[in-house]
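Please read the structure below before turning to the comments.
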Amino acid sequence: MSRTPMITGNWKMHKTTAETRQFVEGLQGLVDSGASSLTDGVDIVICPPFLSLKTAIDATSNTNIAVYAQNMHQEDSGAYTGEVSPAMLNEVGADGVILGHSERRQYFGETDRDLSLKVPKALACGLTPILCVGETEEEHSRGETESKLRLQVQNALESVPVERLAEVVIAYEPIWAIGTGLVATKEHAQDAVAFIRALVEGFDKDAAQAVRILYGGSAKPENCAELLTQPDIDGLLVGGASLDPGSFMQMVEAAKVVGVSA
Ligand code: PGA
């Protein structure tokens with residue numbers, strides 16, 4: 001079974017609506033100049049802040065670039081100051097949502113229990129979830145990567161209907177590699193991603209072969225090819241290096257060259 005590679009830009013708290021427009025114009029400029037093409041071989045996703053979603057969706061409407069949010073509440077509505085509901089993301093036209101990013105877990109107290117509600121909710125609302133998992137530096141040095149991943153993956157997926165498991169995207173993001181310039185070795189990234197695939201196999205064999213698992217953590221044009229060529233790594237979740245259209249598209253081009261098959 002072949003899995004379409006996916007390059008996802010997580011903008012975090014970067015880019016106003018004006019800057020979002022500039023990014024898409026920059027990207028269009030690269031396509032017009034022939035430096036890049038937006039062909040079908042790679043799923044290209046950008047994840048702007050909530051306030052820039054509509055601008056990004058309008059600006060990319062004639063392209064195959066998908067636009068995802070960075071978070072979502074699991075309830076349909078209610079007294080949750082500062083939160084955004086699935087229906088709001090549907091209305092604006094978002095295609096999916098990042099869930100459980102380590103910054104959400106670390107700074108905003110998001111728990112595995114929250115994720116066990118959010119992931120099935122996103123699917124039920126027609127939004128592709130990107131579930132983020134990964135170990136801290138201390139867990140890494142204590143050799144606890146696998147036990148941490150087991151806990152996070154099993155909790156987040158336990159309430160997902162088996163027939164929909166393959167639609168979940170999982171991003172393995174070692175926390176010590178996020179924003180630090182310290183990319184995981186290709187061996188560590190491959191081992192962790194293969195372990196995650198084995199955890200999905202515990203739920204369903206076919207889903208494990210179909211589910212896409214990304215690597216995230218200081219990915220950039222210079223290191224992306226060696227990550228993308230690992231057999232279980234199906235793409236990248238990129239923070240810093242996704243903010244510039246040129247470096248973002250270099251990673252899309254690298255994913256095109258590599259292709260991904262299981
Ligand atoms: P980074 O962030 O590429 O800047 O390390 C990745 C992420 O947090 O998704």
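Each ligand, and each atom within it, is numbered from 1 in the order the structure gives. Keep in mind that this is a model prediction, so the values were computed, not measured.
At the top of the distance list for atom 4 (O) of ligand 1, counting protein heavy atoms only, stands Gly240 N, 2.8 Å. Among all non-hydrogen protein atoms, the one lying nearest atom 3 (O) of ligand 1 is Gly239 N, 2.8 Å.
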Margin query: The test is ring-ring contact (aromatic ring centres under 6.0 Å, His included); show your working for His188 and Trp176 and say whether it passes.
Written below: CA-CA 13 Å; His188 176 81; Trp176 45 272; 5.7 Å; yes

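In Glu173, the part holding a heavy atom less than 4.0 Å from any atom of ligand 1 is the side chain. The part of Ala177 lying near ligand 1 is the backbone, judged by heavy-atom distances below 4.0 Å. Only the side chain of Asn10 comes within contact range of ligand 1, with a heavy atom under 4.0 Å; no backbone atom does.
Residue contacts with ligand 1 do not include Ala241, since none of its heavy atoms lies under 4.0 Å from the ligand. Distances from ligand 1 to the non-hydrogen atoms of Lys12 include at least one value under 4.0 Å. In this structure, Gly216 does not count as a contact residue of ligand 1, since none of its heavy atoms falls inside 4.0 Å of the ligand.
At a threshold of 4.0 Å, the pair Asp112-Arg105 counts as salt-bridged, since one of the basic side-chain nitrogens sits closer than that to a carboxylate oxygen. Ion pairing of Lys118 with Glu110 is present here, as a side-chain N (NZ or NE/NH1/NH2) and a carboxylate O approach within less than 4.0 Å. Between Arg212 and Asp43, at least one side-chain N (NZ, or NE/NH1/NH2) sits under 4.0 Å from a carboxylate O, which counts as a salt bridge. Ion pairing of Glu139 with Arg142 is absent here, as no side-chain N (NZ or NE/NH1/NH2) approaches a carboxylate O to less than 4.0 Å. A salt bridge links Asp234 to Arg197: one of the charged nitrogens lies within less than 4.0 Å of a carboxylate oxygen.
Counting heavy atoms from C-beta outward, Leu89 and Leu53 have side chains that approach closer than 4.5 Å. His101 has its side chain within reach of Lys12: a pair of non-hydrogen atoms, C-beta onward, lies under 4.5 Å apart.
Less than 4.0 angstrom separates some heavy atom of Gly179 from each of these atoms of ligand 1: 1 (P), 4 (O), 5 (O). Numbered from 1 in the order shown, with element, the atoms of ligand 1 that lie under 4.0 Å from a heavy atom of His101 read 7 (C), 8 (O), 9 (O). Every atom of ligand 1 with a heavy atom of Gly217 under 4.0 Å away is listed here by number and element: 5 (O).
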